[in-house]
Structure formats: structure tokens, C-alpha cells
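Residue numbering restarts at 1 for every chain, and letters A, B, ... go by the order of the sequence lines. Computed from heavy atoms alone, side chains included, the values below leave out hydrogens, waters and symmetry copies.
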Amino acid sequence: MKMLTFAKRCAKEILRDPINLAFGLGFPLVLLLLLSSMQENIPVPLFKIDSLTPGITVFGLSFMTLFSSTLIAKDRESAFLQRLYTTPLTGLDFILGYMLPSLPIAIGQTAICYLFAIPLGLTLNINVLYAVIGIIPMAVFNIALGLLCGSIFGVKQVGGICGALLTNLSAWLSGVWFDLKLVGGFFEKIANVLPFLHAAEMEKALCTGNFEAAAGHFLPVLLYSTLATVAAVLCFLRQMRKQ
Amino acid sequence: MQAITTKGLVKRYNKLTAVDELNLEIRQGELFSLLGVNGAGKTTTIKMLTCLTKPTEGEAFVGGHCILKEPEQVKRLIGVSPQETAVAPNLSVRENLEMICGIHGFSKERTMKRIGTLSEQFSLADVLKRKAGKLSGGWQRRVSIAMALISEPQILFLDEPTLGLDVIARHELWDMIRALKGKITIVLTTHYMEEAEALSDNIGIMKDGRLLAVGTVEALKAQTGAKDFETAFVSIVKEGK
């Protein structure tokens with residue numbers, strides 16, 4: 001109950017910030033519209049709506065990292081967390097309270113992206129539902145990364161790290177904007193090691209009903225999501241003890 | 001009966017000793033001020049007594065419970081208003097109060113009742129629907145103290161409650177703190193001498209982590225032979241080098 005009270009508060013803080021809504025929802029939708037319009041004029045296979053939308057949903061999740069890390073960093077800097085540490089809330093209450101509300105927001109963001117893509121030409125079938133469900137491990141990865149960064153860095157630093165660096169990493173290394181094979185070499189190897197490309201490919205595979213290919217990309221995403229969650233929990237508890 | 005007792009409380013951060021051998025007794029129902037310049041160790045003392053940080057040495061009892069062995073019991077007895085304004089900015093004042101009630105596991109009826117009581121006590125009725133982050137510094141401090149009082153604590157910790165407030169807001173907050181006197185034990189940190197003088201039953205003067213003197217305003221003045229409290233404070237702090 002007390003954890004849910006805290007989680008409700010975190011959800012309200014995220015959803016009531018107009019900048020969050022503009023970036024978290026507005027930006028991916030504008031990109032969808034813009035790139036699919038470009039595709040109409042200069043056909044590029046990468047920007048076909050069936051291929052573009054899954055990639056945009058993965059890119060959109062990087063904003064979840066920014067939102068959750070900013071919220072936690074602000075709570076730490078404003079002594080709001082300090083106040084709550086003197087209440088009966090436990091470490092687990094804090095971790096779940098920060099992470100749980102972000103998950104439905106991330107799933108909602110993904111669902112809206114897919115719904116928005118339907119009038120732009122996306123084929124609507126049951127696979128879209130699988131793709132929305134399949135985004136969960138990557139959403140957990142991004143949310144956990146937010147908890148991790150928010151536990152370590154200040155508000156200004158998370159703005160730079162999560163707002164600029166991570167969104168760019170997610171964009172470049174997920175293969176949404178360009179075919180990574182065209183760059184090849186070290187860049188492609190790095191992209192294959194990190195979860196962004198795997199998440200985008202998994203989403204594309206789920207959208208086309210290629211579950212075998214999706215399963216191959218699922219494992220690295222799950223591994224990163226687990227590692228990020230463990231690291232985030234440890235870092236949060238460490239900063240809690242350091243008060 | 002003592003509300004707070006500390007025995008040889010020490011807090012070190014690497015080579016820096018933030019609090020050094022603090023021995024203190026605060027009676028139930030009194031308003032005790034920890035007075036000192038920046039870096040005197042006031043906030044660190046509050047952090048230890050509210051179980052936010054563990055002492056390096058020594059022990060302390062809050063409401064009869066050991067801060068090291070019984071932090072959960074201590075947390076049930078205390079309310080804390082930190083130095084920075086610790087409110088949820090995008091939540092309304094009512095939602096902030098409701099959130100603290102929820103965290104303490106209050107029923108709907110008890111939540112309504114507590115919000116009603118505190119709204120009246122702190123004149124919050126007109127701002128209940130407004131976002132806490134949009135309020136002025138003075139109003140945010142009122143909300144912050146009301147949030148600390150939600151759980152009906154036996155001991156209230158106010159860390160620099162009027163820091164950065166204008167003179168009117170400061171006096172309004174003093175009136176509110178005065179209204180609480182005698183009902184609960186209040187531990188207040190401040191570096192404003194006039195604040196300590198206006199509100200306190202007893203004052204502890206700290207410098208470089210050490211408690212230099214404890215007593216009423218009159219006792220501290222008599223101890224130094226000073227005519228006013230400011231001179232007494234300066235004299236104690238200078239002699240305490």
C-alpha cells in the first residue's frame with residue numbers, strides 16, 4: 001500500500017510534466033510522420049512504416065530513462081528523498097515505486113506509436129500486440145538505467161548523460177536511421193554488443209510474426225535488462241545508505 | 001523524561017570529524033535549538049538522530065529507542081522537515097499531504113481528518129489545490145512542516161526552517177512553531193541567533209562538530225557575562241577555538 005502511494009506520486013510527477021509529454025510522445029510521433037513522409041518521396045526500405053515504427057518505439061524508450069533519472073535526481077537534490085527516508089518506506093518500496101509506474105507509461109508510449117503508424121500504412125494484426133508486449137524487457141532496461149543514473153548523478157548530469165548521450169546512442173546504434181552494415185567495422189560490432197539493435201530487430205521480427213528471429217534477439221535484451229536492474233538496485237541502495 | 005539522549009556521538013567523513021563526542025539530553029516537550037555557523041555539525045547531528053546516517057561512534061536514544069538497533073521504531077516517532085524544501089512539486093498541496101498519509105498507512109477517514117486539522121493549523125485551505133512547486137518559499141516551508149506533522153510525531157526535527165525566507169514569512173513561521181511548543185518535542189537547527197532566542201527553551205551552541213555550551217538564553221548570557229544573546233554566542237564560539 002505505502003509502495004503504491006509512492007508509485008502513484010512518481011507517475012503523477014512524470015505525467016504532469018509537459019516537457020516529458022512533448023519529448024516522450026510528441027517527438028517519436030513527429031519522427032514517424034516526418035520519416036514516413038520522406039519515404040513517400042524518396043523510397044528507402046529502412047523508412048518503410050513496418051520497419052520504421054518498431055525502431056522508433058525502441059528509440060522512444062530512451063526518453064523513459066531521461067524521465068526516471070531526472071525524477072530521482074531531483075528528489076535527491078531537493079531533499080524530498082531525505083524526507084521519505086525518515087518514513088516507514090523501505091528500500092524495496094523506493095525501487096518498485098520508481099520503476100513500476102514507468103512501465104505502463106513505456107508500454108502506453110509504444111502502443112500509441114503503433115496506433116499512430118496505422119493510418120500511415122502499418123499493417124494492423126495480432127503481431128502488433130506481440131510487439132507491444134515484447135517491448136517490456138527493453139522498457140525495463142531503460143527504466144532501470146534511469147534509476148541507476150538518477151542514483152549516481154545530479155539533475156544537470158542526467159540531462160547530459162541520459163538526455164543527450166543515451167538518446168543519441170539509442171538512435172545511432174539501433175539501426176533506425178541508417179543500415180549499420182553500411183558503416184560496418186567496429187561501429188557495427190559495438191551495435192551488436194549493445195541491446196539497442198537487438199531490441200529494434202526483435203520488435204521488427206515480432207511485427208512480421210518471425211518469432212524465431214525475435215527469440216534470437218530477446219536473450220541479449222533480457223540479459224541487459226537484468227544486469228541494468230541489478231546494478232540500479234545496488235546503486236540506489238548504496239546512495240540510500242550514504243545519506 | 002528525556003526525549004533524546006546522545007552519548008559520545010561521533011560522525012567522521014574520512015578525515016573530517018563532522019560531529020565530535022556529542023553528549024546531549026533533550027527533555028520531552030521542549031523546543032531545543034542547535035545553533036551554530038555553517039559547518040558546525042547541526043545537520044549531521046539531525047541526520048544521525050533521524051536514522052538517515054549512522055554514527056561512527058557512540059549511541060543515541062530517540063523516544064527511548066536506540067537509533068542503531070531500532071531505527072524502525074525511531075522512524076515511527078519522528079517527523080522531519082529537511083533544510084531544502086522537500087515537497088513533490090507537480091503534486092498539489094493536498095496530494096502531498098495525502099501521499100504522506102498513504103505512506104504512513106492512514107485510512108481515508110484519518111487522512112481527511114489530518115488534512116483538515118493541518119490545513120487549519122497552517123492556514124493551507126486556500127492553497128490545497130495549488131501545485132506545491134508553484135508556491136512561494138514561505139508557503140512551501142509551511143507545507144513541508146505540515147507534511148512532517150502528518151503522522152502526529154512525538155518529536156519534530158526542523159532543519160533550518162526559515163533559511164532564505166523574507167522577514168514576514170519568517171515571523172509567520174515562528175508563530176506556527178510557537179503554537180506547537182509544549183505539545184511535542186521540537187529540535188530545530190538554525191544559524192540565526194534571533195530565531196534561537198525567540199523560540200527556544202534551551203539552546204545548544206555547536207562549532208566544528210563540538211557542543212560548546214547548553215542552556216537557556218538567560219543562562220548562556222549569565223555564563224559569559226554578556227548583555228545580549230549575540231554577544232554571548234560570539235563569546236562562546238570564540239572561546240571554543
Side-chain angles (χ1 to χ4, degrees), chain A residues 1-24 67-68 70-98 100-102 105 150 154-155 236-243, chain B residues 13 43-44 46-54 62 67 71-92 95-107 111 131-134 140 143-145 147-148 150-151 153 155-160 163:
Chain A
M1 179 62 194
K2 53 189 180 174
M3 183 279 286
L4 287 177
T5 303
F6 180 60
K8 204 169 138 187
R9 170 264 163 183
C10 292
K12 282 179 184 170
E13 285 283 353
I14 293 174
L15 292 171
R16 286 182 184 175
D17 190 334
I19 296 171
N20 286 352
L21 288 179
F23 274 91
F67 302 159
S68 54
T70 307
L71 178 64
I72 297 159
K74 269 185 188 169
D75 284 353
R76 282 174 50 228
E77 285 188 4
S78 70
F80 183 75
L81 262 184
Q82 197 178 308
R83 171 197 287 284
L84 295 185
Y85 287 156
T86 63
T87 69
L89 283 172
T90 63
L92 185 67
D93 291 329
F94 283 110
I95 289 160
L96 291 177
Y98 275 124
L100 284 185
S102 297
I105 297 172
V155 177
F236 185 84
L237 294 176
R238 187 171 169 268
Q239 69 81 29
M240 198 175 164
R241 278 195 300 272
K242 271 178 75 180
Q243 274 297 314
Chain B
Y13 295 103
T43 298
T44 308
I46 293 262
K47 280 188 171 182
M48 286 191 282
L49 294 176
T50 55
C51 306
L52 277 170
T53 190
K54 283 184 181 171
V62 174
I67 58 165
E72 296 311 313
Q73 284 91 327
V74 171
K75 285 178 183 181
R76 283 194 204 113
L77 298 178
I78 63 171
V80 183
S81 178
Q83 197 174 106
E84 295 86 4
T85 307
V87 296
N90 282 327
L91 265 59
S92 69
E95 285 171 330
N96 267 282
L97 297 171
E98 281 173 348
M99 176 189 64
I100 301 292
C101 288
I103 285 169
H104 285 281
F106 286 11
S107 65
T111 299
K131 275 190 182 179
K134 300 281 181 198
Q140 287 194 20
V143 176
S144 182
I145 296 174
M147 285 165 78
I150 279 274
S151 61
I155 302 161
L156 176 67
F157 291 91
L158 301 173
D159 194 5
E160 303 272 7
L163 188 70

Between the OH atom in Tyr85(A) and the NZ atom in Lys47(B), the distance rounded to the nearest 0.5 Å is 11.0 Å
Of Met3(A), Glu77(A), Lys2(A), Lys8(A), the largest count of non-hydrogen pairs under 4.5 angstrom with chain B goes to Lys2(A)
| message | Any donor-acceptor pair under 3.5 Å linking the side-chain atoms of Arg241(A) with those of Thr53(B)? | response | no
Whatever's closer than 4.5 Å to a heavy atom in chain A on Glu95(B) counts as side chain
Taking every heavy atom of Ala86(B) against every heavy atom of Ala79(A), the minimum-distance pair comes out as CB-O, 3.3 Å
Here the gap from Ile103(B) atom CD1 to Thr5(A) atom OG1, rounded to the nearest 0.5 Å, amounts to 6.5 Å
The salt bridge (charged side-chain N to carboxylate O under 4.0 Å, His left out) partners of Asp159(B) (sequence neighbours excluded) come to none
Heavy-atom closest pair (Val87(B) atom, Phe80(A) atom, distance to 0.1 Å) is C-CD1, 3.6 Å
| field | 4.5 Å side-chain heavy-atom contact, Gln82(A) and Gln83(B) | value | no
Quick check on Lys131(B): does its NZ atom have over 12 non-hydrogen neighbours (other residues, nucleotides or ligands) under 6.0 Å away? yes
So OG1 of Thr87(A) and CD1 of Ile78(B): to nearest 0.5 Å the spacing works out to 9.5 Å
Would you say that Ile100(B) contacts Leu84(A) through its side chain, given a criterion of any heavy-atom pair below 4.5 Å between the two side chains? yes
So, Arg83(A) side chain and Val80(B) main chain: donor-acceptor pair closer than 3.5 Å or not? yes
Within 6.0 Å of NZ in Lys74(A), more than 12 heavy atoms from elsewhere
no
Whatever's closer than 4.5 Å to a heavy atom in chain A on Pro89(B) counts as both
Donor-acceptor pair, side chain of Arg9(A) and main chain of Leu91(B), under 3.5 angstrom: no
Turns out that what part of Thr44(B) lies under 4.5 Å from chain A's heavy atoms comes down to neither
Rounded to the nearest 0.5 angstrom, the CG-CG distance for Asn90(B) and Leu71(A) is 9.0 Å
d(Leu49(B) CG, Thr86(A) OG1) to nearest 0.5 Å is 12.5 Å
Within residues 11-21 of chain A, contacts to chain B at heavy-atom distances under 4.5 Å involve Lys12(A), Glu13(A), Arg16(A), Asp17(A)
Check: Pro88(A) and Lys75(B) side chains under 4.5 Å, non-hydrogen atoms:
no
Under 4.5 Å to a heavy atom of chain A? For Ser144(B) that would be both
